[in-house]
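One structure below.
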Amino acid sequence: MISKQTIDKIFSTIRVEEIVGEYVQLKRAGSNFKGLSPFHDEKTPSFVISPSKQIWKDFSTGKGGTAISFLMEIENFTYPEALRHAAKKYGIEIEEDQQEFSEEAKQAQTERDLLYKIHEVANNYFQEILWDSEEGKSIGLSYFKERELRDDIIKKFQLGYSPEKKNAFTMYALEKGYSKDILERSGLSIFPENTPAGVDRFRERVIFPIHSFSGRVLGFGARILKNNVKTAKYLNSPETEIYHKSNVLYGLNQSKQAISRKNVCLLVEGYMDVISLHMSGIENVVASSGTSLTTEQIKLIKRLTENVTILFDGDNAGIKASFRSIDMLLTEGMNIRVLLFPEGDDPDSFARKHPQEYVDKFIENEATDFIDFKAEILLKEAGNDPIKKADAIRNIVKSISFVQNALKREVYLKEVSTKFGLSEQSLFNELDVQKQITHHQNTQQLKDTNKPVKLEIVPKQEHDIDAIEFNILHQENKLIDTMLMFGDIVLERKNEKHEKYEVTVIEEILHHFEEEQYDFQIETNKKIIKNIKEGIENDELRAGNFFITLMDEDITLKVADALIIPDDLSNWSTRNIFPPAIGDHIAEEVEANILIHKYYYIHFMIKQLTVGLESYREGDEEKYYDSIKRIMILNQLSVQIIDKLGWSPITKI
């Protein structure tokens with residue numbers, strides 16, 4: 001178990017903006033940062049990071065918390081995994097508390113945990129074979145050296161080798177205590193009926209581990225080196241609980257910082273394309289690894305940049321098939337340029353032939369926008385045939401129809417108009433046609449996939465709440481939020497004798513709850529109050545910062561909700577309008593919010609007393625009149641509070 005001292009050190013060292021910045025393209029917004037939500041499709045940034053408070057909040061999904069909770073959310077890390085990942089990033093040594101785990105705890109590992117672990121074990125094994133065994137050095141390492149890869153690049157991408165013996169890794173893993181079941185489910189081993197000892201899926205191949213965004217090994221790609229064997233040149237891991245090839249981009253973990261820094265992503269096809277460009281110093285590059293580009297992969301890139309340059313082989317027969325990728329990128333709001341390498345070259349060979357500066361300039365100068373690219377390919381094929389030329393232009397306009405931004409669409413159409421000498425009106429007419437075709441296709445798909453839904457009246461549930469309960473829950477949350485945000489602020493007050501005294505926000509609100517003998521309705525608030533009371537017993541004021549390090553998802557989200565508020569008025573200062581910030585008048589706000597809570601609590605009690613009246617009317621006259629008396633007293637108190645707050649009694653319950 002990670003020691004408390006280590007956890008404290010991790011939280012005091014890590015920066016939420018740096019960790020989140022590896023997944024989300026952030027822009028400064030006053031004292032905060034903003035970006036597009038990584039959990040939800042959106043066009044207007046609603047994801048906010050507060051560097052001063054070291055928390056994040058995603059207003060589109062309602063999620064929020066610390067850097068550690070972000071890693072848990074986006075990577076499906078457990079709490080210890082997120083801590084270890086952050087510690088590794090910041091070079092913090094993990095100290096373990098000595099603790100014996102029960103058999104039940106040992107068995108509590110999920111299949112997902114075991115899949116991550118077995119891939120980590122396999123990755124280390126393949127690297128050890130490559131560097132330390134005679135077979136690995138003479139076959140695997142020799143192959144990488146023939147491809148002119150340096151040692152540092154081989155280690156950077158954790159390349160490896162699986163030996164010729166058909167079950168070498170399987171036996172290694174079984175000896176370490178991993179079951180046949182997990183080996184089979186991971187796809188690393190196969191257990192045919194006639195071979196109970198198992199077979200290594202990747203035997204006698206060089207290994208390319210496929211990493212998640214954060215660097216965990218999800219699966220492997222493997223290349224066979226013999227030319228006389230009738231089998232697939234490349235072999236990939238099968239789909240598993242942790243590996244879905246449509247959700248992964250090869251090299252993203254090694255390239256994400258460069259992509260974010262340069263604000264452009266180079267998109268290639270193969271593992272070696274990525275690796276060779278990295279060796280040339282060009283690191284903002286990822287590969288779709290032989291699969292057709294997917295929406296999920298595009299969204300991974302969009303976290304870091306909206307600019308993509310697609311790099312194609314000069315003699316790639318599948319260039320026309322790539323038009324679908326262009327349309328998908330445009331649909332997701334990406335800005336696209338395309339580069340064709342000279343015939344006979346691909347990104348790998350071109351990068352090895354030329355120095356970095358030359359390759360950089362070539363990509364920058366030779367890449368064209370998607371209109372020029374499609375025009376060159378399609379018009380070359382059309383020749384002098386006017387029908388084929390019209391089809392080529394229609395194909396280009398079809399791509400423009402996928403552009404979501406109206407201004408961009410118009411600019412692209414003007415470019416096509418100028419390039420081909422066509423009237424803008426005819427192009428806009430064709431655009432409308434293409435949009436209608438696309439809309440019809442999408443509608444048809446929805447009809448085919450969606451079953452009709454039967455509309456039903458949903459009966460009112462027992463847990464549905466009325467206006468009085470809603471108001472008291474809202475005010476309970478508001479007072480808890482105030483304690484989290486401003487709990488340690490000292491207020492100056494006067495007692496009944498007009499003598500001055502000082503009290504903290506936490507103490508004043510807590511005194512109100514205790515005086516009213518108020519029972520908290522919300523479970524998270526109960527936990528927060530329990531922690532606050534424990535702190536007071538130990539002469540410690542526990543406000544927002546204390547709760548950030550607690551590993552309770554509900555509390556973490558509550559703290560994020562309290563400490564980060566949507567800053568809708570942030571741009572008013574440009575008009576010389578400076579609205580008051582929350583907390584500018586904290587003494588008055590606390591006093592008013594306590595009175596409001598008291599008011600709603602009074603009406604909550606009146607409601608409860610009223611419910612019991614009918615049952616007392618016939619059976620218990622004393623309780624009946626006592627309840628009426630209490631209702632009258634509570635109503636008088638309600639009127640006094642309304643007067644103090646300056647409310648109109650007509651507008652309140």
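- In Lys137, the NZ atom is crowded: over 12 heavy atoms of neighbouring residues, nucleotides or ligands sit closer than 6.0 Å.
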(request) Could you walk me through whether Glu81 and Met72 pass the side chain to side chain contact (heavy atoms under 4.5 Å, CB included) test, one step at a time? (result) CA-CA 8 Å; Glu81 284 174 336; Met72 292 172 67; over 6 Å; no

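- Using a distance-only test at 3.5 Å, with no hydrogens or angles considered, no donor-acceptor pair links the side chain of Glu204 to the main chain of Ile224.
- For the ring pair (Phe, Tyr, Trp, His ring centres under 6.0 Å) test with Phe370, the passing option among Tyr412, Phe402, Phe323 is Tyr412; the others fail.
- With Asp273 contributing its side chain and Gly270 its backbone, the two residues share a donor-acceptor pair below 3.5 Å.
- A distance-only check finds no donor-acceptor pair linking the side chain of Tyr23 to the backbone of Phe213 [under 3.5 Å].
- Note: His278 and Phe157 meet the aromatic proximity criterion, with ring centroids under 6.0 Å apart.
- The pair Lys89-Glu22 meets the salt-bridge criterion, since a charged nitrogen lies less than 4.0 angstrom from a carboxylate oxygen.
- Aromatic ring pairs are classed by plane angle as parallel below 30°, tilted from 30° to 60° and perpendicular above 60°; the pair Phe47 and Phe39 is tilted.
- Ring geometry for Phe350 versus His354: interplanar angle of 30 to 60°, hence tilted.
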(message) Quick one, Lys361 with Glu366, criterion salt bridge (charged side-chain N to carboxylate O under 4.0 Å, His left out). Give me CA distance, side-chain angles, the key distance, then yes/no.
(response) CA-CA 8 Å; Lys361 285 185 177 177; Glu366 299 299 322; over 6 Å; no

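- At distances below 3.5 Å, not a single donor-acceptor pair connects side-chain atoms of Arg261 with backbone N or O atoms of Asn284.
- Under a 3.5 Å cut-off, the side chain of Glu283 and the backbone N or O of Ser255 do not form any donor-acceptor pair.
- Between the side chain of Arg409 and the backbone N or O of Val403 there is at least one donor-acceptor pair closer than 3.5 Å.
- Dense packing is recorded around NZ of Lys145, with more than 12 heavy atoms of other residues, nucleotides or ligands lying under 6.0 Å away.
- Looking only at distances, a side-chain donor or acceptor of Gln297 sits under 3.5 Å from a matching main-chain atom of Lys245.
- Looking only at distances, no side-chain donor or acceptor of Lys57 sits under 3.5 Å from a matching main-chain atom of Gly65.
- Between Phe312 and Phe341, the gap from one ring centroid to the other reaches at least 6.0 Å.
- Of the possible donor and acceptor atoms, one in the side chain of Asp200 sits under 3.5 Å from a partner among the backbone N and O of Ala168.
- Arg352 has a carboxylate O that lies under 4.0 Å from a charged side-chain N of Asp348, or vice versa, which qualifies the two as a salt bridge.
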(message) Trp131 vs Ile154, test: side chain to side chain contact (heavy atoms under 4.5 Å, CB included). Steps then yes/no.
(response) CA-CA 10 Å; Trp131 292 102; Ile154 296 171; 3.6 Å; yes

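- Judged by the 6.0 Å and 45° rule, Arg216 forms a cation-pi pair with Tyr116.
- Counting only distance, with no hydrogens or angles, the side chain of Arg185 and the backbone of Thr240 share no donor-acceptor pair below 3.5 Å.
- Note on Arg324 versus Asp327: no salt bridge recorded, every NZ/NE/NH1/NH2 to OD/OE distance being 4.0 Å or above.
- Rounded to the nearest 0.5 Å, atoms OH (Tyr143) and OG (Ser138) are 15.5 Å apart.
- When the options Tyr161, Phe208, Phe126 are evaluated for a ring pair (Phe, Tyr, Trp, His ring centres under 6.0 Å) with Phe220, the one that passes is Phe126.
- A salt bridge links Glu424 with Lys414; the closest basic N to acidic carboxylate O contact falls under 4.0 Å.
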